[in-house]
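Note sheet for the following structure.
These numbers were taken from a predicted model, which means no experiment stands behind them. Along the sequence shown, the residues carry numbers beginning at 1. All values below come from the heavy atoms of this structure, side chains included, with hydrogens, waters and symmetry mates left out.
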Amino acid sequence: MRAILRAKVAVHKGRGMSEPILGITNWMHLFRWIVKLIRDEYGVDEKVLTRNAVLDGGIGLTAEQLEQVLDHIAETFELTFPENTLNETVRLEDLCTLTAWMRGLFKKPDFVTPPFEERCRSLNNVPA
């Protein structure tokens with residue numbers, strides 16, 4: 001299934017970003033977009049989706065659903081997340097700031113280790 005989702009991402013890369021995300025200019029806008037995605041697609045109450053919400057077990061999504069969230073973010077923002085991204089991103093805020101950094105909207109998050117940074121940069125055109 002992951003190969004199918006990755007293939008879908010590759011197909012959509014040439015299409016450009018959709019209109020609703022063109023207004024995302026900082027990590028807080030991106031955070032709100034991710035919260036709405038999880039709320040709308042998986043029925044998670046927004047009260048649970050705080051900055052400090054733990055992704056694995058804290059927001060009520062399975063590992064497969066979290067992978068689907070990553071795939072949706074990757075497709076929408078034309079990114080490729082390295083394998084094991086969910087091992088690096090513990091909180092919802094981590095996922096948001098990582099995505100914002102990879103899109104050039106935020107400084108490199110403190111939790112990004114040099115090996116993980118290299119993997120991110122090798123897969124994406126991350127601004128310096």
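In this structure, the ring-ring contact (aromatic ring centres under 6.0 Å, His included) partners of F106, at least two apart in sequence or on a different chain, are W27. Residues satisfying the ring-ring contact (aromatic ring centres under 6.0 Å, His included) criterion with W101, sequence neighbours excluded, are absent altogether.
Taking the six-membered ring for Trp and thresholds of 30 and 60 degrees, H72 and W33 have nearly parallel ring planes, at less than 30 degrees apart.
Across all their heavy atoms, I38 and I59 have their closest contact at CD1-CD1, 4.3 Å. The nearest pair of heavy atoms linking V48 to G58 is CG1-O, 3.6 Å. Taking each heavy atom of T99 and L79 in turn, the nearest pair found is CG2-CD1, 3.8 Å. Across every non-hydrogen atom of A100 and L30, the tightest pair is N-CD2, 3.4 Å. Here the closest heavy-atom approach between residue V126 and residue R121 is recorded as O-NH1, 3.0 Å. The heavy-atom pair separating G104 from P127 by the smallest distance is CA-CG, 3.5 Å.
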- Message: One pair to check against side-chain contact (heavy atoms from CB on, under 4.5 Å): L55 and R91. What are the steps and the verdict?
- Response: CA-CA 5 Å; L55 293 172; R91 300 172 301 139; 5.9 Å; no

- Query: Are M102 and F81 close enough, and set up right, to give a side-chain contact (heavy atoms from CB on, under 4.5 Å), and what steps lead you there?
  - Reply: CA-CA 9 Å; M102 291 170 58; F81 288 105; 4.2 Å; yes

- Yes or no on side-chain contact (heavy atoms from CB on, under 4.5 Å) for L86 and D56, after CA distance, side-chain angles and deciding distance? CA-CA 8 Å; L86 291 172; D56 189 16; over 6 Å; no

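The neighbour count for D110 CG, taken as heavy atoms of other residues, nucleotides or ligands under 6.0 Å away, does not exceed 12. Counting non-hydrogen atoms of neighbouring residues, nucleotides and ligands closer than 6.0 angstrom, the CG atom of N26 exceeds 12 such neighbours.
Contact of the L70 side chain with the L95 side chain is registered, since non-hydrogen atoms from C-beta on lie closer than 4.5 Å. Here the side chains of E88 and T113 are in contact, with some heavy-atom distance below 4.5 Å.
Look at K36 and E41 and you find no salt bridge, because none of the NZ, NE, NH1 or NH2 atoms lies under 4.0 Å from a carboxylate O.
With rounding to the nearest 0.5 angstrom, the CZ atom of R32 is 12.0 Å from the CD1 atom of I34. Atoms CD and CG, from Q65 and D71 in turn, are 13.0 Å apart once rounded to the nearest 0.5 Å. Considering CZ of F31 and OG1 of T50, their distance stands at 6.5 Å, rounded to 0.5 Å. Considering SG of C96 and CG of L105, their distance stands at 9.0 Å, rounded to 0.5 Å.
Residues V54 and V35 do not share a hydrophobic cluster, defined by chaining ILVMFWY side chains whose heavy atoms lie under 4.5 Å apart. Put simply, I73 and V90 are part of two different groups of oily side chains (I, L, V, M, F, W, Y) that touch within less than 4.5 Å, one to the next.
Here the side chain of R39 pairs no donor or acceptor atom with the backbone of V44 at under 3.5 angstrom.
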